[in-house]
Amino acid sequence: MLAFTSAQTVQQPSFSAQYTARGKPLCSITTNPSTLPGISSSSTGNNPLIQSLSRQGDLKQALHVLSQEPNPSQLTYELLIRSCSSQKSLSDGLSVHRHLFDNGFDQDPFLATKLINMYSEVDDVERALLVFDKIRKRTIYVWNALFQALALASRGEKVMDLYRRMNQTEILSDRFTYTYVLKACVVSENMASLLKSGKEIHANILRRGYEGHVHTMTTLMDMYARFGCVNEARHVFAEMRVKNVVSWGVMITCYAKNSMPFEALELFHEMMSRSDTVPTSVIMVSVLQACAALAALEQGRLLHGFVLRRGLDSILPVISALMTVYARCGKIELAQTIFDKMEKRDVVSWNSLISAYGVHGFGEKAVEIFKQMVCSGISPSVVSFVSVLGACSHAGLVEKGKELFRSMVQIHRIQPRVEHYACMVDLLGRANRLDEAVKIIEEMRMEPGPKVWGALLGSCKIHDNVELAERASSRLFELEPRNAGNYVLLADIYAGAKLWQEARRAKQLLEARGLQKVPGRCWIEVKRKIYSFVSVDEQNPQIEQLRALLLRLSMEMKETGYVPRTDIVHYDLDSDEKERILLGHSEKLAVAFGLINSNKGEVIRITKNLRLCEDCHSVTKFISKFTNREILVKDVNRFHHFRDGLCSCRDYW
DNA sequence: CTAGGGTTAG
């Protein structure tokens, strides 16, 4: 880059010299160009030949001919630059750039645009910026090309800086500008600060009267969606008079990605009934994702049928999403069947299967699939390692996990990222090897992020380690002050150690920051309808019936040794009240609902938004034995398969 | 020169 900068300004001759030297081998073309078919020695010279060589992708030949051409045209340069872009060749791009500079085309805004595109394509934004700096006449095309290049390189702040500067000139944004600058907002390292910028662009869009432009408005929705601003996205969507399949898709994805799977499914059904929009594979992927999050098997089956009818069943992302739906509905064998039938598989297909076994606690199987993947010649990705390490963690395969972690660098040449360290901390911490977990953190060559400290805090909860919990939580309160879960976890750990005053302080901290505990929720799908439960659910029409059933079961269970875990209720209440609260937990309500409303022999499947509580875990074990029913509970991070009084997690979760 | 998607840990 340095050589080029100086050359561009002062050392022009060296370019030409270097260039001519490189052109030498093909001088035969210039000595007698007319011997080549279709080439005349008229005023157009070698231009048509260079152009057709560029179009064919014979870049080397094109460059050789160029070196002998005294009058290259703008079109010739354009095609050459494009060829460099498509071949991702920085060195050839530089040659063309030098050449057009020598021929006085360096102030041509059209070619500057193409050069910026080209440098962006070869991942050299710095040179793209340089072209922009040098060009004096900056058309909106030049600006847009740079915005696009910077957005692609995740330089959000830089884009906003330049966007504001552009707005001080007489150049006006167009519809392309808006899509690029909006995209730039969500790709910066510093997400929070650019939401403001996004809103600023939103205001400009309205001021300039672009609110009727579908493309722009859809990008705007997506920007809000990625910041988690569901209401803003929803508002933009509602105001759009013209919607197309992408606008619907962005809104559905927005819900699916922001933990609102119900709304995602609802909107999909609305799209199907109220518009003539034909769903694409992209839409199906998002809807399937929502379905997986809810563990809604019947919905999933309907969607699977739909996918087949629409002929979308050979599209890899759709298949991966389908596998995940079945896996998350507890139908792991169906996920395996789909995988087996695939004609082509990519790394994501494999990852889907690995994580499927992982969340069910089949650690060995997950490791086996991982090995099969490697044997079949697919290189594991960063996600493969997250999945397989997670699988080891859930199954307590500590040594296996450590071995795989080492193999990341040693065999697969993948540098561990923060999320891999988080997996290791979880793996070791869960296995009560907290000192080793701490050692891993201390040896990290990067800043341990919230995921790492969060994994440690979670382990402290399992193993009642107050001291370490204080250390982890103090870091978490700095790193993610608005995550309510951390305060609740710390309060629980204190309460578990009967440090009531400290527990109260942790809760006060939560409230002082204006946060609220995420309420525990459960879902159950019965006859294609999904029912949702919150703890001590007074609104539920069947609540009395559910309570009565649970009370009866609880009394029976007590006779066979069940002791309600009133110790985990951290309110200052008498033990009867505590028992009542425990019995009102949403997962118990959902189980009772399933027992009453589904047929005998059917598996009861429940989804929970948090980690399963210990009391519910033991009660569900009892119930599975008592009622001779299989109960499948998917909590935030794994599956619990209850059968005959036992759980598939072997009480390790 | 423009918009959306698969697999992921606490």
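Below, chains carry the letters A, B, ... as their sequence lines are ordered, and counting in each starts from 1. Only this structure's heavy atoms are used, side chains among them; waters, hydrogens and symmetry mates stay out.
B:dA9 atom P lies 11 Å from atom CG of A:Leu389, rounded to whole Å. One can place CD1 of A:Ile81 at 14 Å from C1' of B:dC1, the figure rounded to the nearest angstrom. Computed from coordinates, the A:Leu404 CG to B:dA9 C1' distance equals 15 Å when rounded to whole Å. Rounded to whole Å, the distance from CG on A:Leu397 to C1' on B:dA9 is 16 Å. Rounded to whole angstrom, the span from the CD1 atom of A:Ile441 across to the C1' atom of B:dG10 amounts to 12 Å. Spacing between atom OH of A:Tyr255 and atom P of B:dG4 amounts to 19 Å, rounded to whole angstrom units. The interatomic distance linking A:Tyr141 (OH) with B:dC1 (P) rounds to 9 Å, in whole Å. For the pair A:Asp346 CG and B:dG6 C1', the computed distance is 8 Å after rounding to whole Å.
For A:Ser120 and A:Asn117, the side-chain atoms include no donor-acceptor pair closer than 3.5 Å. Between the side chains of A:Glu470 and A:Tyr494, at least one donor-acceptor pair of N or O atoms lies under 3.5 Å. Checking A:Ser384 against A:Ser387 by side-chain atom types alone, no donor-acceptor pair falls below 3.5 Å.
When distances run from any side-chain atom of A:Val386 to the nucleotides B:dT8, B:dG6, B:dG10, the shortest one goes to B:dT8. Closest to the side chain of A:Ser387, out of B:dT8, B:dG5, B:dC1, is B:dT8. Counting only heavy atoms from C-beta on, A:Val245 has its side chain closest to B:dG4 among B:dC1, B:dG4, B:dG6. Comparing B:dG5, B:dG10, B:dT7 by their nearest atom to the side chain of A:Gln289 picks out B:dT7. Ranking B:dG10, B:dA3, B:dG5 by closeness to the A:Lys183 side chain, first place goes to B:dA3. Counting only heavy atoms from C-beta on, A:Pro317 has its side chain closest to B:dG6 among B:dG6, B:dG4, B:dC1. Comparing B:dC1, B:dG5, B:dT7 by their closest approach to the side chain of A:Val318 singles out B:dG5. Comparing B:dA3, B:dT7, B:dG10 by their nearest atom to the side chain of A:His394 picks out B:dG10. In this structure, the nucleotide among B:dC1, B:dG5, B:dT7 sitting nearest to the side chain of A:Asn351 is B:dT7. Comparing atom distances between the A:Ser349 side chain and each of B:dG6, B:dA9, B:dT8 picks out B:dG6 as nearest.
At least one side-chain nitrogen or oxygen of A:Arg226 sits closer than 4.0 Å to the OP1 or OP2 atom of B:dG5. Of the side-chain N and O atoms in A:Arg638, none sit less than 4.0 angstrom from OP1 or OP2 of B:dG10. Residue A:Lys243 has no polar side-chain atom (N or O) positioned under 4.0 Å from OP1 or OP2 of B:dG4. Residue A:Thr179 places no side-chain N or O under 4.0 Å from the OP1 or OP2 atom of B:dA3. Considering only side-chain N and O atoms, A:Asn144 lies nowhere under 4.0 angstrom from the phosphate OP1 or OP2 of B:dC1. One finds no side-chain N or O of A:Arg417 lying less than 4.0 angstrom from the OP1 or OP2 phosphate oxygen of B:dA9.
Residue ring and base: A:Phe176 does not count as stacked with B:dT2 (centre distance below 5.5 Å and interplanar angle below 30° not both satisfied).
Geometric assessment of A:Arg175 against the ring of A:Tyr210 yields a negative cation-pi assignment under the 6.0 Å and 45° thresholds.
Contact annotation: side chain of A:Asn244 to base of B:dA3, donor-acceptor pair present below 3.5 Å. One N or O donor and one acceptor, one from the side chain of A:Glu480 and one from the base of B:dG10, sit under 3.5 Å apart. Contact annotation: side chain of A:Thr280 to base of B:dG4, donor-acceptor pair present below 3.5 Å.
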Please output the side-chain donor-acceptor pairs of residues 318-327 of chain A that fall under 3.5 Å, not counting sequence neighbours, one pair per line with the distance.
| residue | atom | partner | partner atom | Å |
| --- | --- | --- | --- | --- |
| A:Ser320 | OG | A:Leu316 | O | 3.4 |
| A:Thr324 | OG1 | A:Ser320 | O | 2.9 |
| A:Tyr326 | OH | A:His304 | ND1 | 2.7 |

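For the pair A:Leu303 and A:Phe268, the minimum side-chain heavy-atom distance is below 4.5 Å.
Counting non-hydrogen atoms under 4.0 angstrom, A:Ile283 reaches a base of the nucleic acid. Heavy atoms of A:Gly458 sit under 4.0 angstrom from primed sugar atoms or phosphate atoms, though from no base atom. Backbone-only engagement by A:Val250 is indicated by non-hydrogen atom pairs under 4.0 Å involving sugar-phosphate atoms exclusively. At the heavy-atom level, A:Ile315 lies under 4.0 Å from base atoms of the strands shown. Contact annotation for A:Arg345: no contact, since no heavy-atom pair falls under 4.0 Å across all strands. Residue contacts for A:Tyr178: at a heavy-atom cut-off of 4.0 Å it reaches no nucleic acid atom on any strand shown. A:Leu312 comes within 4.0 angstrom of no nucleic acid atom, judged by non-hydrogen atoms across all strands. Across all strands shown, A:Leu316 has heavy atoms under 4.0 Å from base atoms, whether or not it also approaches the sugar-phosphate. When heavy atoms are screened at a 4.0 angstrom cut-off, A:Ser281 is found touching base atoms of the nucleic acid.
In this structure, the ring of A:Tyr163 has its center no less than 6.0 angstrom from the ring center of A:Trp143.
With hydrogens and angles ignored, the 3.5 Å screen pairs no side-chain donor or acceptor of A:His394 with any backbone N or O of A:His360.
Checked for salt-bridge contact, A:Asp222 and A:Arg226 meet the test: a charged N lies under 4.0 Å from a carboxylate O.
Within the structure, the salt bridge (Lys or Arg N to Asp or Glu O under 4.0 Å) test picks out the following pairs touching residues 142-156 of chain A (sequence neighbours left out): A:Glu126-A:Arg155.
With a cut-off of 3.5 Å on both pairing distances, the Watson-Crick and G-U wobble pairs of DNA chain B never assemble into a stem of 3 or more.
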